[in-house]
Protein chains: 2
Amino acid sequence: MKKILIIGAGLSSSTLIQYLLDNSEKHNWIVRVGDVSYETADKKINDHKNGEALKFDIFDEEQRNTEISKVDIVVSMLPARMHCMVAESCLKFKKNMVTASYVSNEIKEMADKIKAEGLLILNEIGVDPGIDHMSAMQVIDRIKDIGGKVTAFRSYTGGLVAPKYDNNPWNYKFTWNPRNVVLAGQGSAAQIIVNDRYKFIPYHQLFRRTLRTEVLDYGEFEGYMNRDSLKYRGLYGLEDISTMIRGTLRRPGFSKTWNILVQLGATDDTYTLDDSENMSYRDFINTFLMYDKELSVEEKIQTYFNLEEDSGVMYRLRWLGIFKNEKIGLKNATPAQILQKILEKKWKLDHEDKDMIVMQHKFEYELNGQRKRITSSLVVEGTDNIHTAMSITVGVPVAIAVKMILTGHIKETGVKIPLNKEIYKPILKELEDYGIKFIEEEELVD
Amino acid sequence: MKKILIIGAGLSSSTLIQYLLDNSEKHNWIVRVGDVSYETADKKINDHKNGEALKFDIFDEEQRNTEISKVDIVVSMLPARMHCMVAESCLKFKKNMVTASYVSNEIKEMADKIKAEGLLILNEIGVDPGIDHMSAMQVIDRIKDIGGKVTAFRSYTGGLVAPKYDNNPWNYKFTWNPRNVVLAGQGSAAQIIVNDRYKFIPYHQLFRRTLRTEVLDYGEFEGYMNRDSLKYRGLYGLEDISTMIRGTLRRPGFSKTWNILVQLGATDDTYTLDDSENMSYRDFINTFLMYDKELSVEEKIQTYFNLEEDSGVMYRLRWLGIFKNEKIGLKNATPAQILQKILEKKWKLDHEDKDMIVMQHKFEYELNGQRKRITSSLVVEGTDNIHTAMSITVGVPVAIAVKMILTGHIKETGVKIPLNKEIYKPILKELEDYGIKFIEEEELVD
């Protein structure tokens, strides 16, 4: 019997564990699930006869080495910065490894050693990164195979609330790490190329420079730019492409309103407010506005940003409760931490709510003197609050990859991401059985 | 004969060296001036019989120790980060030291040892920091002495071009480190308190939230906020003050226009542009603007920021030459480095130009049920391109402090800044002989 070790049994591991347990009898697998909380791991095993839960502490080197030495493959579902510890033990005991995270610099540096040992660390095989790579490469390779030249690639992904449960004026709820949502886009300027011209968008313009798109019959979305879209030219073999944009999807109006919070400085995570504990939310917002004897906090925002009281932006801000005289109750918090606390109350996914993953690629290409556009769209709604769309779209491709490595269908070695036909084709095909299916539309570009 | 070692003979040391040489015969001093360039040091000595020039390499520990061991006091006019090396040698050979820079963390950590040895490191005794501390403390102490309570303190300083030579639409030329001007305000939000309310202003709002003030008969200026004004409450003994603001002065219209460059992202120093060498200035600005088939770069800026073609803002931007099709010619440069290159051409102080230091404090206080305001203003124009206003206002207070330490009139020990009456009073008095004299106006506040 082959043994699989999954480290980390949080929300995004649910479907991954389920898939591997469901396939364990057929393939003769033992699925070991380690988590800091034994209970969490045990719950996910749900008394399955091929499952084993264990309390696992990633910082306990001895346990890490012992457990990894006993299995055939390791899946790290830990926070990205912890993968390198797992990778070191995998190298030591010559085990293959799979993650859904971006290749970190630490792991990149291990590439030669991993390759030399004939091992594989397969990364970026979740949803984003993961399904985005594979679905994009499938269309790009197909266009190239028929002799076409890709001239533009625009790609967007968003984790949102499913339409039926989309009942607040932001049309957004947290379906993923709230802190990452609050800090999204901070750091270096977003880099894109548009009609052969480089474009750099600093954080404080990011939420003003969105693009609109319609996805299937799900209506309109807006995308704000992700970090560095330029490096994907090399990865995808599109070195000479004229337009390359990657972005994050939200519902219309979100970014315009979020931009006000960015402009105020309420997303800043670089300093703490000394007396944040005793401030009210209203005081908090007021710290970012000029002193004025006459105007209310709301009126100051309206005046400063030229907003009408009855605008969607002001409505969304008021709905958050940021103008309430309620105590913050967080000690020495940064603006971003205070804002996160406010948002967590209002953007909470209720027990019966379902989430939704939306992904769309738009390819423009030239073939035989014609310019064409392929729009490839994916929408996945969650099944319930365990098998969320996020958990399904992250977990199923990871699980399929684990299966393919154990059954010898993936033979690559080194530090890899799923860009090759041999990997993405069977995975995308099987994903369709799980409702993860792209809908393509093709049209002539005028 | 007592020996003084001055390390660093750049522009801001000119007046300092001159003062010490002028006073050297009366006090029996030898003034040694060390610089990486012997020529620079020798030029400043100008054949004075009590002066000695030497080639000095701060990174040469042996030379540093030898030279410092031979003298009675050391003045470090090096870049701020290098002071700690000088301080270590001063501690080793038990020498006093003077700098015009902010107390660094490294020097702060040496405070106990310096004190234990009965030594003094006097910092922040230039213009800003320096004259600002002393002139503010003089008024604050006076108000306290007569039983008044200071309720508001607003303080601004600016290094500008003198009115006679103020002949460009920005009303600004570089009289100080250009890189610092380009990066001004980046980092954490500016922190002030206004009528007992904390106010935090993020970088991307800094140049929109300026305050106007008139200085003597020099007309109107605008001030943008400096970093952390709050910590000055403790330093100045104004713990309960309701309003505390420190800012940097520019001429009206500067900040509004600079804000456009900030909003574009042209002051960003966190990433480099791969092909900056072959870009034109017009391409550079265009990278920050949306792609548009129809609109020119100028029209895109006007549309995006809602500016009229005939506005002062557009005039100042055009005047910089940022819309020219001229090659940048800088390899792998950051946006900030490219912008600096553009500005250095246009904001260059000509040989015959003179600079100007403007400082203004506004104190509000309560006394016997009355509310009063004292406005204390200083304007110093440069004498020529050697003895600039910057060199005079930095150098003279440093020089006076050196004299007072050598003659035993300053007896303090430890790591200090000039906040005590015993230090600031004689220095401010002598500064008046050098044209550094504050003009006070007092009025009732209605």
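Numbers restart at 1 for each chain; the letters A, B, ... are given by sequence-line order, proteins then strands.
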Could you tell me which portion of A:D275 (side chain, backbone, both or neither) has an atom closer than 4.5 angstrom to a non-hydrogen atom of chain B? side chain
Where do A:R208 and B:Y304 come nearest, in terms of heavy atoms and distance? NH2-O, 2.8 Å
Quick check: closest heavy atoms across A:P202 and B:G265, and the distance to 0.1 Å? CG-CA, 3.7 Å
Taking B:Q205's backbone N and O only, do any of them form a donor-acceptor pair with A:H204's side chain (distance below 3.5 Å, no angle check)? no
Against A:F200, only a single residue in B:L264, B:L289, B:L273, B:D268 fulfils side-chain contact (heavy atoms from CB on, under 4.5 Å); can you say which? B:L273
Taking [atom1] in [X] as the centre, count heavy atoms belonging to other residues, nucleotides or ligands within less than 6.0 Å. Is the count above 12?
X	atom1	answer
A:K300	NZ	yes
A:N306	CG	no
B:R81	CZ	no
A:K362	NZ	yes
B:E308	CD	no
B:E309	CD	no

Taking side chain as everything from C-beta outward and backbone as N, CA, C, O, which of these in B:I193 sits under 4.5 Å from a heavy atom of chain A? Side chain, backbone, both or neither. neither
Which answer fits B:Y203, side chain, backbone, both or neither, if we ask what part of it has an atom under 4.5 Å from a heavy atom of chain A? neither
Look up atom OH in B:Y271 and atom CG in A:D228, then write down how far apart they are to the nearest 0.5 Å. 11.0 Å
Between chain A and each of B:Q191, B:R197, B:Q263, B:K293, count heavy-atom pairs under 4.5 Å; write down the option with the most. B:Q263
